[in-house]
Amino acid sequence: MPSEVKPARYNGLVAFAIFHAGAKSILSATSGFIAQAGFTHSLTPARNCGFGCTYCYVPTMGIYGGLKPEDWRRWGQFTTFKANPPELLARSLRPEQVIYCSPLVDPYQPAEASERMMPRLLDAFITAPPRVLTIQTRGPMIVRDLAKLAILSERTNLRVSFSLTTDCEEIRRLYEPLCATLEERLSAMRQLRAAGIATYATLAPLLPCNPEALLDLAIGATERDIICDPFHVREVKTSGATTREAALRISDKRGYAEWHNPEFQADVVERLRAKACAAGRRLVAGVDGFRLLAEYPT
């Protein structure tokens with residue numbers, strides 16, 4: 001692990017450290033789910049994520065996600081930022097790229113407050129815009145960068161995919177206790193939309209909820225079609241990344257095990273789809289849903 005450490009405490013709950021390490025690249029050619037959705041490259045500014053969500057699939061990828069053993073053993077307890085990403089990005093950008101940021105960590109995880117990496121990366125994107133840039137986050141901190149995002153949205157196909165996982169604050173605290181509240185997320189989504197940025201509500205992973213109430217929240221905060229992806233389960237996804245054991249234990253203990261059942265998930269998705277249709281929107285699940293974030297005019 002790199003030697004530079006900045007101890008911090010987020011949400012008053014966990015001690016946290018920020019590390020830095022040199023890197024040879026910041027853009028990676030895509031594979032698997034993200035490639036199937038139509039993205040050519042992914043951008044991951046760090047290893048390990050301070051949100052430490054109980055269900056996060058990334059630690060289950062191990063070395064295949066570019067992680068070190070300490071990352072998956074101590075997921076959410078520290079993060080390691082790449083030391084020179086703006087320079088790496090500036091050298092790597094090409095106009096035909098379709099970029100997803102980020103499949104492995106949230107670019108607006110709590111450590112970004114002091115690191116301020118995203119404004120520097122956005123500057124590089126503004127100077128040399130790719131064909132598409134999608135930013136995936138659950139962090140309301142993104143509104144800090146509204147001015148840069150607004151400029152970038154005039155130069156490329158920019159989308160912000162904002163994770164809205166449940167309509168119930170108690171459920172949110174169970175599965176993702178270090179993440180922002182639902183109202184904070186909805187406020188950020190509304191601000192992004194008001195700034196003219198293409199903002200998508202992404203119900204992923206779909207946590208225990210009242211499906212119709214969750215869909216109402218998503219519709220109220222956005223103007224776009226809705227994206228959905230239930231918990232990953234081995235019955236459907238037989239290889240690769242999957243839901244962490246921590247979330248499975250919570251579901252079993254609290255009586256939510258059915259939310260990991262493919263048939264139950266399919267029923268919930270159909271309820272969401274029907275509600276969206278009645279409101280004049282589409283709800284698109286799985287890879288097809290994330291494909292909405294990679295599309296571009298031809």
Side-chain angles (χ1 to χ4, degrees), residues 10-11 13 43 45-46 49-53 55-56 76 79 99-103 105-123 125-126 132-154 156-173 175-207 209 213-229 276 281 283 289-290 292-293:
Y10 294 116
N11 292 345
L13 295 175
L43 186 158
C49 180
F51 283 139
C53 299
Y55 48 74
C56 183
T79 194
I99 300 174
Y100 185 85
C101 175
S102 156
V105 301
D106 194 308
Y108 286 96
Q109 63 170 299
E112 169 63 15
S114 60
E115 191 67 16
R116 298 189 65 85
M117 179 179 290
M118 285 304 295
R120 293 177 285 151
L121 294 177
L122 292 174
D123 284 338
F125 282 122
I126 289 169
V132 175
L133 173 64
T134 290
I135 299 174
Q136 179 73 50
T137 187
R138 65 196 61 225
M141 196 190 311
I142 192 172
V143 300
R144 177 199 66 190
D145 297 337
L146 267 180
K148 292 182 186 292
L149 292 166
I151 294 171
L152 184 56
S153 69
E154 296 178 352
T156 188
N157 297 292
L158 174 67
R159 288 81 183 253
V160 173
S161 173
F162 214 103
S163 295
L164 187 65
T165 51
T166 181
D167 66 310
C168 176
E169 190 61 24
E170 181 181 352
I171 294 295
R172 196 277 305 166
R173 288 193 295 268
Y175 289 91
E176 41 183 42
L178 300 183
C179 293
T181 66
L182 303 178
E183 184 48 47
E184 288 171 327
R185 297 188 209 191
L186 293 165
S187 174
M189 294 161 73
R190 289 189 289 263
Q191 291 179 68
L192 289 162
R193 180 190 65 191
I197 295 162
T199 306
Y200 290 78
T202 305
L203 317 182
L206 190 56
L207 300 181
C209 65
L214 176 58
L215 208 285
D216 280 340
L217 293 177
I219 288 174
T222 66
E223 297 175 340
R224 305 275 169 164
D225 291 330
I226 311 297
I227 299 166
C228 177
D229 199 27
R281 303 275 189 97
L283 181 129
F290 281 81
L292 299 178
L293 303 172

ask   = What's the verdict on side chain to side chain contact (heavy atoms under 4.5 Å, CB included) for Y175 and T166, showing C-alpha distance, side-chain angles and the deciding distance?
value = CA-CA 10 Å; Y175 289 91; T166 181; over 6 Å; no
Do you know the tightest heavy-atom contact between [X] and [Y]?
{"X": "C49", "Y": "D106", "value": "SG-N, 3.7 Å"}
{"X": "F162", "Y": "P140", "value": "CZ-N, 3.9 Å"}
{"X": "M189", "Y": "T222", "value": "CE-CG2, 3.6 Å"}
{"X": "Q109", "Y": "F51", "value": "CA-CE1, 3.7 Å"}
{"X": "A46", "Y": "V105", "value": "O-CG1, 3.5 Å"}

Tell me, please, which residues at least two apart from [X] pass side-chain hydrogen bond (donor to acceptor under 3.5 Å, both in side chains).
{"X": "Q136", "answer": "Y100, S161, S163"}
{"X": "Y200", "answer": "none"}
{"X": "T199", "answer": "none"}

Of all residues at least two apart in sequence or in a different chain, which pass the side chain to side chain contact (heavy atoms under 4.5 Å, CB included) check with [X]?
{"X": "L146", "result": "V143, Q191, L192, A195, I197"}
{"X": "E183", "result": "T181, L186, S187, R190"}
{"X": "D216", "result": "K275"}
{"X": "I219", "result": "L215, A279, R281"}

Rounded to the nearest 0.5 Å, what separation is found between the [atom1] atom of [X] and the [atom2] atom of [Y]?
{"X": "T134", "Y": "N157", "atom1": "OG1", "atom2": "CG", "answer": "9.0 Å"}
{"X": "Y55", "Y": "E176", "atom1": "OH", "atom2": "CD", "answer": "3.5 Å"}
{"X": "I171", "Y": "T165", "atom1": "CD1", "atom2": "OG1", "answer": "9.5 Å"}
{"X": "C168", "Y": "L214", "atom1": "SG", "atom2": "CG", "answer": "11.0 Å"}
{"X": "T137", "Y": "R185", "atom1": "OG1", "atom2": "CZ", "answer": "9.0 Å"}
{"X": "C53", "Y": "L178", "atom1": "SG", "atom2": "CG", "answer": "8.0 Å"}

query = For F290, which residues count as a ring pair (Phe, Tyr, Trp, His ring centres under 6.0 Å) partner, sequence neighbours excluded?
reply =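 Only F33 meet the ring pair (Phe, Tyr, Trp, His ring centres under 6.0 Å) criterion with F290.
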With F125 via ring pair (Phe, Tyr, Trp, His ring centres under 6.0 Å) - residues at least two apart =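 Partners of F125 by the ring pair (Phe, Tyr, Trp, His ring centres under 6.0 Å) criterion come out as none, since no residue qualifies.
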Partner residues of R193 under the salt bridge (Lys or Arg N to Asp or Glu O under 4.0 Å) criterion, sequence neighbours left out =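 None.
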message = So, using salt bridge (Lys or Arg N to Asp or Glu O under 4.0 Å) as the criterion, who are the partners of R172 when residues are at least two apart?
response = E169
remark   = Contacts satisfying salt bridge (Lys or Arg N to Asp or Glu O under 4.0 Å) that involve residues 156-167 (not counting sequence neighbours) are none
key: Flag side-chain contact, heavy atom, 4.5 Å: D145 against L122   = yes
query = Just wondering, do R120 and E115 contact through their side chains at under 4.5 Å, heavy atoms?
reply = yes
request  = Evaluate the side chain to side chain contact (heavy atoms under 4.5 Å, CB included) criterion for residues I135 and L149: first the C-alpha distance (whole Å), next the side-chain angles of each, then the deciding distance (0.1 Å), finally the verdict.
outcome  = CA-CA 10 Å; I135 299 174; L149 292 166; 3.9 Å; yes
request  = Could you please spell out the steps behind the side chain to side chain contact (heavy atoms under 4.5 Å, CB included) verdict for L121 and L43?
outcome  = CA-CA 10 Å; L121 294 177; L43 186 158; 4.0 Å; yes
task = List the steps, then state whether side chain to side chain contact (heavy atoms under 4.5 Å, CB included) holds for I227 with L164.
result = CA-CA 10 Å; I227 299 166; L164 187 65; over 6 Å; no
query = Judged by atom type as modelled, is there a donor-acceptor pair below 3.5 Å linking the side chain of E112 to the main-chain atoms of M118?
reply = yes
